[in-house]
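Heads up: the structure comes next, in structure tokens.
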Amino acid sequence: MGSRGLCLVIEDDRDIRGLLTLILTRVGFEVHAVANGVEGVAAAWEHHPVLVTVDLNLPDMDGLDVAGYIRKRSEAPLLFITARAEVDDEMAGMASGAAAYLTKPFRPRQLIEAVNRLCPAGPLTAHFQDQRS
């Protein structure tokens with residue numbers, strides 16, 4: 001199976017970062033995962049991902065700011081994955097360039113569906129997913 005491209009995961013929680021990496025790898029992405037916003041912006045500019053997941057509550061900067069910096073140099077879809085569940089938070093996220101917004105805790109199926117909407121799978125990837133369902 002060919003790769004769907006590089007997904008950048010920006011998530012400070014090690015367990016969630018590991019879960020995201022596992023799920024995204026299983027659906028065909030190469031994953032580069034970082035634990036803070038500064039590393040995330042640098043990685044986005046260096047690696048040119050096809051998809052970026054961003055936690056809004058990062059230790060060094062707000063995820064909305066991270067999204068703004070990434071958006072200046074990248075057209076990759078931004079998927080916010082955050083504990084911020086208020087409508088105002090989601091609206092601010094979408095206004096800052098998010099293509100989708102997923103609240104924690106999330107189910108793996110929700111992540112896969114959001115990712116597939118943002119980066120549609122090719123025939124090989126779709127076949128792989130059907131076998132795993």
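Since we're looking at a predicted model, the values are computed, not measured.
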Practice item. Would you check, one step at a time, whether the test side-chain contact (heavy atoms from CB on, under 4.5 Å) holds for Val27 with Arg4? Key: CA-CA 8 Å; Val27 296; Arg4 291 173 72 173; 3.9 Å; yes
Is there a side-chain contact between [X] and [Y], using heavy atoms and a 4.5 Å cut-off?
X: Glu90; Y: Thr82; result: no
X: Leu111; Y: Arg107; result: no
X: Cys7; Y: Thr53; result: yes
X: Ile81; Y: Leu20; result: yes
X: Val66; Y: Asp62; result: no

Spacing of [atom1] belonging to [X] relative to [atom2] belonging to [Y], to within rounding of 0.5 Å:
X: Met61; Y: Ile10; atom1: CE; atom2: CD1; result: 9.0 Å
X: Ser96; Y: Leu78; atom1: OG; atom2: CG; result: 7.5 Å
X: Leu8; Y: Glu39; atom1: CG; atom2: CD; result: 10.0 Å

Review point. So which pairs with a foot in residues 42-95 pass ring-ring contact (aromatic ring centres under 6.0 Å, His included), sequence neighbours left out?
Key: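 Listed by first then second residue: His32-His47.
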According to side-chain contact (heavy atoms from CB on, under 4.5 Å), who are the partners of [X], at least two apart in sequence or on a separate chain?
X: Ala114; result: Leu79, Arg117
X: Leu19; result: Ile23, Phe106
X: Pro105; result: none
X: Ala92; result: Leu64

Review point. So Phe29 and Leu51, side-chain contact (heavy atoms from CB on, under 4.5 Å) or not? Walk me through it.
Key: CA-CA 9 Å; Phe29 288 93; Leu51 175 67; 4.2 Å; yes
Under 3.5 Å donor-acceptor, [X] side chain and [Y] backbone:
X: Asn36; Y: Pro59; answer: no
X: Arg17; Y: Val9; answer: no
X: Glu113; Y: Gln110; answer: no
X: Ser74; Y: Ile70; answer: no

Practice item. Name all pairs fulfilling the salt bridge (charged side-chain N to carboxylate O under 4.0 Å, His left out) condition that reach into residues 66-76, sequence neighbours left out, sorted by first residue then second. Key: none
Review point. Transitive ILVMFWY cluster of Val87 at side-chain heavy atoms under 4.5 Å: who else is in it?
Key: Met91
Review point. What residues form a salt bridge (charged side-chain N to carboxylate O under 4.0 Å, His left out) with Lys104, not counting sequence neighbours?
Key: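 Expected list: Glu11, Asp55.
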Nearest heavy-atom neighbours spanning [X] and [Y]:
X: Ala44; Y: Pro49; answer: O-CD, 3.5 Å
X: Ala33; Y: Thr21; answer: CB-OG1, 3.8 Å
X: Asp60; Y: Gly37; answer: OD1-N, 2.9 Å

[X] and [Y]: same hydrophobic cluster, using ILVMFWY side-chain contacts below 4.5 Å?
X: Val31; Y: Ile112; answer: yes
X: Val54; Y: Met94; answer: yes
X: Leu24; Y: Val34; answer: no
X: Val52; Y: Val38; answer: yes

Point to revise | Partner set under side-chain hydrogen bond (donor to acceptor under 3.5 Å, both in side chains) for Asn57, not counting sequence neighbours | key: Arg84
Point to revise | Partners passing side-chain hydrogen bond (donor to acceptor under 3.5 Å, both in side chains) against Glu30 (at least two apart in sequence or in another chain) | key: Ser3
